[in-house]
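A short worksheet on the structure shown next.
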Amino acid sequence: MPEFFEEDEEEEEEEALPELEAENVVMRMAPYPSGPLHIGNARMILLNDEYVKKHDGKLILFFDDTIGSEKKKLLPEAYDMIEEGLEWLDVEWHETYYKSDRMETYYEYAEKIIEKGESYICECSAEELRDNREKGLECSHRKKSVEDNLEGWKDMLEGGFEEGEAVLRLKTDMEYPDPAFRDRVLFRISERTHPLVGDRYRVWPLLEFSWAIDDHLLGMTHILRGKDLVIEDRMEEYIWDIFGWDSPEFLHYGMLRLKDVDLSKSEFQRKLAEGDIKSWDDPRTWSLQSLRRRGIRPEALREFILDFGLSGTDIEVPASKLYANNREIIDQEANRYFFVPDPVKIELVGEIDIEKAKISRHPSQKERGYRELRTGNNVFIPRKEWDDHQGEEIRLKNFCNIELEGKKGEITSFENKDILKIQWLCEGFDVEVERPDATKEKGMGEKNLKDTEKGDMIQFERYGFVKVERKEPFYAVYGHR
RNA sequence: GCUCCCGUAGUGUAGUCCGGCCAAUCAUCUUGGCCUCUCGAGCCAAAGACACGGGUUCAAAUCCCGUCGGGAGCACCA
């Protein structure tokens with residue numbers, strides 16, 4: 001072999017991410033605690049983490065727990081679940097903040113922005129407001145004096161208005177070309193109880209205002225957000241301008257969708273409440289917790305996500321891409337076992353001259369040794385294979401070749417033939433596998449499964465990689481093929 | 001409808017800012033072959049793309065204009 005081919009071997013791992021200009025990078029991740037982090041949030045998290053690590057900067061975990069809406073409810077357990085997910089992902093963050101903890105600060109700046117004449121108390125109904133926004137009309141409240149607005153603000157805080165009766169709005173321009181940007185709401189009244197601060201506050205900021213304040217106060221240098229939130233850029237800049245503050249740099253990424261997967265935390269929250277889903281690590285949620293249960297490795301997820309880079313393009317990827325990344329890691333370590341889903345018992349006809357079948361634990365790592373399976377005339381095979389291959393000659397892997405006729409199998413020979421090979425068992429115990437759609441598949445597992453440990457990633461041959469979750473009774477969670 | 005963003009192989013992605021080294025990178029997928037007693041892994045090979053139309057230039061995936069297509073926002077959600 002000519003040596004010059006060797007040179008290409010050590011190519012350096014190019015980071016797909018564009019460089020940042022700044023030196024002392026400070027960034028933040030701002031999950032909304034309505035549920036645990038799921039695969040969709042991973043992009044925001046990992047991109048932040050990657051940038052900060054690369055620049056040796058500071059990463060802030062900022063719980064974006066303003067009161068939310070009726071549809072998007074805060075969930076008390078979510079705080080811990082989010083941190084648990086971050087730790088699993090090996091994200092390093094340096095400080096933790098809670099929006100709900102900083103209300104006095106927001107109030108302080110709200111007053112300042114009113115005093116500057118840049119915002120006003122609006123008593124329009126939500127419908128009127130929307131209508132005016134669409135038509136570009138100013139309402140009468142917009143013309144009130146600073147004094148009136150300060151008075152109104154005090155009223156809001158002290159309960160002079162009911163929920164929905166008044167909001168604080170930013171005075172941009174009702175004829176602004178982008179209708180979405182016309183006099184957006186900064187604060188509104190909500191009587192809902194907050195999981196951390198209870199009923200202490202009734203006037204809550206919307207994210208644009210709270211971020212404009214916090215991003216400046218905490219010295220953020222770069223703000224990374226999905227492009228669904230780009231309007232917040234302009235909102236923040238507008239507010240920073242009012243206060244005369246400098247602007248950090250914005251970075252955006254496009255929308256990420258997993259093909260055939262629907263992700264909505266509020267949706268899952270509903271299903272959970274209705275008992276449709278039992279827990280947040282249900283595989284259907286695609287929460288980080290559920291991925292961990294399925295044996296997805298954080299490194300695989302990181303690689304999967306970072307491969308998309310920072311592109312502003314919307315992407316839709318099949319989950320199989322993630323599985324390919326994960327398989328690369330786990331295939332090396334997963335020992336092989338037989339699992340016969342939905343077993344059918346057949347009787348072998350003919351002489352059997354081997355007492356035990358020897359099968360390697362890992363076909364490409366023979367040093368791991370072999371496992372043994374007792375042979376006999378009564379064997380169980382998967383119903384699917386039994387159905388599909390009637391009248392055909394198939395091979396019971398590492399055992400014998402048979403011709404399937406009804407519930408009988410005529411032994412034809414023992415040598416390794418180049419025909420379909422399937423898994424089989426003469427004895428075993430009950431095994432249950434939880435599928436990604438949360439259904440359970442029952443079957444028979446080989447006795448050697450007793451050698452596995454809880455948490456092991458193993459492969460059921462011809463079936464898929466599963467993670468051992470319980471030993472007795474044996475329960476595994478399906479990862480992927 | 002209005003505003004903004006984005007268009008490189010089936011799917012993602014590199015290259016686009018600073019035009020030539022791009023007859024375009026890598027991964028995955030697909031198809032062959034080898035290997036392996038798994039529908040797993042590995043190895044080899046093949047197939048596959050600059051949305052379209054103009055313009056600038058000796059030279060355009062890269063710059064300009066237009067068209068078309070996709071997405072996001074227009075919540076008292078985040």
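Below, chains carry the letters A, B, ... as their sequence lines are ordered, and counting in each starts from 1. Note that these values count all heavy atoms, side chains included, but never hydrogens, waters or copies made by symmetry. None of these values were measured; they are calculated from a predicted model.
Using a 4.0 Å heavy-atom cutoff across all strands shown, P177(A) reaches sugar-phosphate atoms only and no base atom. Counting any heavy atom pair closer than 4.0 Å across all strands shown, T313(A) reaches sugar-phosphate atoms only and no base atom. Within 4.0 Å (heavy atoms only), E385(A) reaches at least one base atom of the nucleic acid. Using a 4.0 Å heavy-atom criterion, one finds that Q423(A) contacts no nucleic acid atom at all. The residue Y463(A) sits apart from the nucleic acid: no heavy atom pair falls under 4.0 Å. Residue I315(A) is in sugar-phosphate contact alone, with no base atom involved, counting any heavy-atom pair closer than 4.0 Å across all strands shown. Within the nucleic acid shown, C400(A) has no heavy atom closer than 4.0 Å to any nucleic acid atom. T66(A) comes within 4.0 angstrom of the backbone, heavy atoms only, and of no base. As judged by a 4.0 angstrom heavy-atom cut-off over every strand, G164(A) is placed among the base-contacting residues.
Remark: E392(A) pairs with H389(A) by the side-chain contact (heavy atoms from CB on, under 4.5 Å) rule, at least two apart or across chains. Residues satisfying the salt bridge (Lys or Arg N to Asp or Glu O under 4.0 Å) criterion with E208(A), sequence neighbours excluded, are R184(A). Among residues two or more places apart in sequence or in another chain, the side-chain contact (heavy atoms from CB on, under 4.5 Å) test is passed with I422(A) by I381(A), P382(A), E385(A), I394(A), L396(A), L420(A), R462(A). For D148(A), the side-chain contact (heavy atoms from CB on, under 4.5 Å) partners at least two apart in sequence or on another chain are K144(A), S145(A).
To the nearest angstrom, C1' of C37(B) lies 13 Å from CG of L373(A). Going from atom CZ of R182(A) over to atom P of G1(B) covers 16 Å, rounded to whole Å. For N416(A) and C37(B), the CG to C1' distance is 4 Å, given to the nearest whole Å. Counting to the nearest Å, the C1' atom of U13(B) and the CZ atom of F304(A) are 13 Å from each other. Rounded to an integer number of Å, the gap from CD1 of I67(A) to P of C76(B) is 17 Å. Note: CG (D331(A)) to P (U28(B)) measures 13 Å, nearest angstrom. If you measure from atom CG of N398(A) to atom C1' of C37(B), you get 5 Å, rounded to the nearest angstrom. Look at CG on L258(A): it is 12 Å from C1' on U11(B), rounded to the nearest Å.
Closest to the side chain of F308(A), out of G12(B), U28(B), A78(B), is G12(B). The listed nucleotides are U11(B), G40(B), C76(B); the one nearest the side chain of F465(A) is G40(B). Which of A41(B), A78(B), U38(B) sits closest to the side chain of R327(A) comes down to A41(B).
Checking S34(A) against Q269(A) by side-chain atom types alone, no donor-acceptor pair falls below 3.5 Å. A donor and an acceptor atom, one from each side chain of D65(A) and S100(A), are located under 3.5 Å apart. In this model, a donor atom of one side chain and an acceptor atom of the other lie less than 3.5 Å apart for N401(A) and R395(A). In this model, no donor atom of one side chain and acceptor atom of the other lie less than 3.5 Å apart for W93(A) and N48(A).
Judged by closest nucleotide on RNA chain B, R43(A) is the one of R188(A) and R43(A) placed further toward the 5' end. Comparing S311(A) and N325(A), the nucleotide of RNA chain B nearest to each residue sits closer to the 5' end for S311(A).
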_For RNA chain B, the dot-bracket pattern of Watson-Crick and G-U pairs whose distances stay under 3.5 Å, | for other-strand partners_ = (((((((..(((.......[.....))).(((((.......)))))....(((((..]....))))))))))))....

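The closest donor-acceptor contact from the side chain of R202(A) to the backbone of I189(A) lies at 3.5 Å or more, if one exists at all.
C34(B) and G53(B): their C1' atoms are spaced 48 Å apart (whole Å). Across C17(B) and U62(B), the matching P atoms stand 9 Å from one another, rounded to whole Å. Comparing C58(B) with G19(B), their P atoms sit 15 Å apart, to the nearest whole Å. Comparing the C1' positions of C18(B) and A78(B) gives a spacing of 39 Å, expressed to the nearest Å. Using C1' as the reference atom, U3(B) and C64(B) are 23 Å apart when rounded to the nearest Å. Comparing the same atom, C1', in A23(B) and in A59(B) gives a spacing of 15 Å after rounding to whole Å. The separation of C4(B) from G12(B), taken at their C1' atoms, amounts to 24 Å, rounded to a whole angstrom. Across the C1' atoms, G42(B) and U36(B) are found 9 Å apart, a figure rounded to whole Å.
Side-chain atoms of Q459(A) and base atoms of U38(B) include a donor and an acceptor less than 3.5 Å apart.
Taking a cutoff of 4.0 Å between a charged side-chain nitrogen and a carboxylate oxygen, D178(A) and R234(A) qualify as a salt bridge. With respect to K135(A) and D131(A), a salt bridge is recorded, a charged nitrogen being found less than 4.0 Å from a carboxylate O.
A sub-4.0 Å separation between OP1 or OP2 of C37(B) and a side-chain N or O of S360(A) is absent. At the phosphate of U38(B), neither OP1 nor OP2 sits under 4.0 Å from any side-chain N or O atom of R481(A). R192(A) has no side-chain polar atom (N or O) that falls below the 4.0 Å cut-off from OP1 or OP2 of C77(B).
Between Y106(A) and F209(A), the distance from one ring center to the other does not fall under 6.0 angstrom.
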Identify each atom pair where a protein N or O and an N or O of nucleotides 68-75 of chain B are less than 3.5 Å apart, giving names and distance.
unit_1, atom_1, unit_2, atom_2, d
G71(B), O4', D314(A), OD2, 3.2
G71(B), O2', D314(A), OD1, 3.2
G71(B), O2', D314(A), OD2, 2.7
A72(B), O2', K227(A), O, 3.4
G73(B), N2, D178(A), OD1, 3.3
C74(B), O2', P179(A), O, 3.4

